[in-house]
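Every value quoted in this text rests on a predicted model; they were computed, and no experiment measured them. Chain A is the first sequence line, chain B the second, and so forth, proteins listed ahead of strands; every chain is numbered from 1.
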Number of protein chains: 2
Amino acid sequence: MTRSTKSKGPNPIPSVWAREQRRTDQPALSRDAIVREAIAMLDAEGIEALSMRKLGARLNAGATSLYRHVATKDELMELAVDEVTAEIHVPPAGGPDWRAAVTEAAGSFRTTALRHPWLTLVLGQAGLAYLGPNYMSFSERLAALFTAAGFPEPSRAIETLFSYVIGMSNAEAAWLTTVARSGETEADFIARLMPAAQRAAADHAHLAIPHTEVEEATTDPAALRDMKFAYGLEVVLDGLALRLPRKGR
Amino acid sequence: MTRSTKSKGPNPIPSVWAREQRRTDQPALSRDAIVREAIAMLDAEGIEALSMRKLGARLNAGATSLYRHVATKDELMELAVDEVTAEIHVPPAGGPDWRAAVTEAAGSFRTTALRHPWLTLVLGQAGLAYLGPNYMSFSERLAALFTAAGFPEPSRAIETLFSYVIGMSNAEAAWLTTVARSGETEADFIARLMPAAQRAAADHAHLAIPHTEVEEATTDPAALRDMKFAYGLEVVLDGLALRLPRKGR
DNA sequence: TCCGCTGTGCGTACAGTGTTCGCATCGAAG
DNA sequence: CTTCGATGCGAACACTGTACGCACAGCGGA
């Protein structure tokens, strides 16, 4: 008994009293808490800053403890995607103005994608597997909307529209991520890069940037982005409207 | 001299003769060779299988030797993107049928993106920096095409169209990557997953998959994808055509 | 012929990553 | 009180991108 107490253990003094109580102030480790914190980290620090160790640290837990609630990091990302999908608002089907409803849904997707700039990246990385409940109900509501609008092949129309919406949102999110990393405001960032951009475009006859656009980009870049998105959205909606069997306008 | 020859060195016998000649059979290490091999690896093994060590090994070189020709892995990816961009064919501006020309350019982008399924991922990851020469000339040719077609704001039209094209291609590329990882043919993969998909859609009234589509998906899935892409492309082009000042049809 | 220089390859090392394994500890059930 | 399943976690493994400094090849000039 008087043998040296193998002092290699986690506690220098192997006494029950020296050991700290289990912390119950923190809301404990649970799948939901993990996903919530992961989303917060992704939003704040970007997609490549999220590591299981850092996430564990923020939850006052060891890195490997997370694996009791989540099979793998990829699965965690799927859960995060599904969680965030719930933020997208799709108006109920059957309203009088299908274009307004679809515009609302598309805009809601965009603002969600810009609030969580990693969303479209993760969505694009895995071609499948996103059959989470929130994602399913999002799809269902969209399908209902387009069916009620009278589209003979609603899934085609949805695929077309959201290819545009996702593509555009993804580009915007990537841009905003770059801006955020620079630490400057968007307008300052643009102003600083403009000379280089114009020098690069100098050799190409058709790439000149009109003065009015330079003006707006350095004044209210967010408004310019809003307008660009709205423009493309109208284009796609116009094209889709032509597929409507008469009278749907 | 009879002391034990510190056998920790790279060569067991530290003799000039034991050392192997510098290999000159291999075409030497150069930036171009590195980029070419990187693209080959990306195409064959996917984006997350590319590591500097494996790439070095394939070039009969040490991992860190690559850094003499390439500043960082991100830079290497930019170079790969630009290299691959040269494969996209954009018809010359001023032809009689702008729709056919734009359709050709969009289709060429798509096939390139499907041949290199990592393209859209990398494109989306960095919002900027892709001002490589090939990418610039690609943009220039597109701008020329849309300007000649008579669009008052060609950059808006291009942005709209390619948001759709990139969004759609990205989704397809991700899907094909998933299929490839399964080791099955696309049709088999679909057939195996269909029951699960239908079970998942059972609770949602508007998500049923029409029988004709199930039929085609399990028979000639590539043709179905072609058709979906073409459908959305026509939609967008119809919408764009409405912005043409009269007579452009 | 020799010297130094510059460009190139690379072995070693560092700080990180996702994930596995086995041990310690807990609350609840028998 | 004992037993058991669930949970936390330290250590370890096989990787990753990349900085650093040494070794050496070829070359221009003395």
Side-chain angles (χ1 to χ4, degrees), chain A residues 5-34 37-38 41-42 45-78 80 122 125, chain B residues 6-12 14-34 37-38 41-42 45-80 125:
Chain A
T5 66
K6 296 179 131 202
S7 66
K8 196 60 179 305
N11 275 320
I13 305 166
S15 154
V16 199
W17 315 112
R19 194 183 334 110
E20 47 191 339
Q21 291 290 93
R22 165 162 310 231
R23 59 189 76 263
T24 48
D25 48 344
Q26 288 298 97
L29 217 47
S30 77
R31 170 176 279 205
D32 279 345
I34 292 173
E37 198 66 31
M41 279 195 71
L42 286 166
E45 322 219 21
I47 195 171
E48 76 277 1
L50 178 71
S51 82
M52 299 302 270
R53 286 183 230 275
K54 288 186 203 157
L55 180 56
R58 267 175 74 132
L59 288 161
N60 286 79
T64 61
S65 306
L66 310 176
Y67 285 89
R68 290 283 173 199
H69 304 89
V70 152
T72 178
K73 193 189 179 184
D74 285 353
E75 183 183 301
L76 173 59
M77 296 302 277
E78 288 184 33
V122 184
Q125 209 115 20
Chain B
K6 293 178 132 203
S7 65
K8 195 62 179 304
N11 276 318
S15 153
V16 199
W17 314 112
R19 196 183 329 113
E20 46 191 340
Q21 291 291 93
R22 166 161 309 230
R23 60 190 76 262
T24 49
D25 49 343
Q26 286 299 97
L29 217 47
S30 75
R31 170 177 281 205
D32 279 345
I34 293 174
E37 199 65 32
M41 279 195 70
L42 286 166
E45 322 220 22
I47 194 169
E48 76 277 1
L50 178 70
S51 80
M52 298 303 270
R53 283 163 165 79
K54 287 186 204 156
L55 180 57
R58 266 174 76 130
L59 287 160
N60 286 79
T64 62
S65 307
L66 310 176
Y67 284 90
R68 291 282 174 199
H69 305 88
V70 152
T72 178
K73 192 189 181 185
D74 286 351
E75 184 184 301
L76 173 59
M77 297 301 278
E78 288 184 32
L79 291 170
Q125 208 115 21

Can you tell me the distance, in whole Å, between the [atom1] atom of [X] and the [atom2] atom of [N]?
X: B/Leu66; N: D/dA19; atom1: CG; atom2: C1'; result: 15 Å
X: A/Leu29; N: D/dC9; atom1: CG; atom2: P; result: 8 Å
X: A/Asn60; N: D/dT7; atom1: CG; atom2: C1'; result: 16 Å
X: A/Ile34; N: D/dC9; atom1: CD1; atom2: C1'; result: 13 Å
X: A/Glu48; N: D/dG17; atom1: CD; atom2: P; result: 14 Å
X: A/Leu59; N: D/dT7; atom1: CG; atom2: P; result: 16 Å

Could you list the protein-to-nucleotides 16-18 of chain C atom pairs, N/O on both sides, closer than 3.5 Å?
unit_1 : atom_1 : unit_2  : atom_2 : d
C/dT17 : OP1    : A/Ser51 : OG     : 3.0
C/dT17 : O4     : A/Arg53 : NH2    : 3.3
C/dG18 : OP1    : A/Lys73 : NZ     : 2.9
C/dG18 : OP2    : A/Met52 : N      : 2.9
C/dG18 : N7     : A/Arg53 : NH2    : 2.9
C/dG18 : O6     : A/Arg53 : NH2    : 2.7

- [ ] Output yes when a side-chain donor or acceptor of A/Lys73 lies under 3.5 Å from a complementary backbone atom of A/Met52, and no otherwise.
- [x]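 Side chain of A/Lys73 to backbone of A/Met52: no pair is present.
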Distances under 3.5 Å only, N/O to N/O: pair up the protein atoms with those of nucleotides 3-6 of chain D.
none

Open item on the list: Holding to salt bridge (charged side-chain N to carboxylate O under 4.0 Å, His left out), I want the full list of residues that pass it with B/Arg31, two or more places apart in sequence or in another chain.
Closed with: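 Partners of B/Arg31 by the salt bridge (charged side-chain N to carboxylate O under 4.0 Å, His left out) criterion, ordered by chain and then number, come out as B/Glu75.
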Task: Check: B/Thr64 side chain, C/dG11 base, donor-acceptor under 3.5 Å - done: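 For B/Thr64, whose side chain was compared with the base of C/dG11, there is a donor-acceptor pair (under 3.5 Å).
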When you compare the side chain of [Y] with that of [X], does any pair of heavy atoms fall below 4.5 Å?
X: B/Leu66; Y: B/Leu59; result: yes
X: A/Leu50; Y: A/Glu45; result: no
X: B/Leu55; Y: B/Leu76; result: yes

TODO: Quick one: label B/Ala61 by what it contacts on the DNA or RNA (base, sugar-phosphate, nothing), any heavy atom closer than 4.0 Å.
DONE: sugar-phosphate
Task: Any A/His69 side-chain nitrogen or oxygen under 4.0 Å from OP1 or OP2 of D/dG8 - done: yes
Task: side-chain contact (heavy atoms from CB on, under 4.5 Å) involving B/Arg53 - partner list, sequence neighbours excluded - done: B/Ser51, B/Ala63
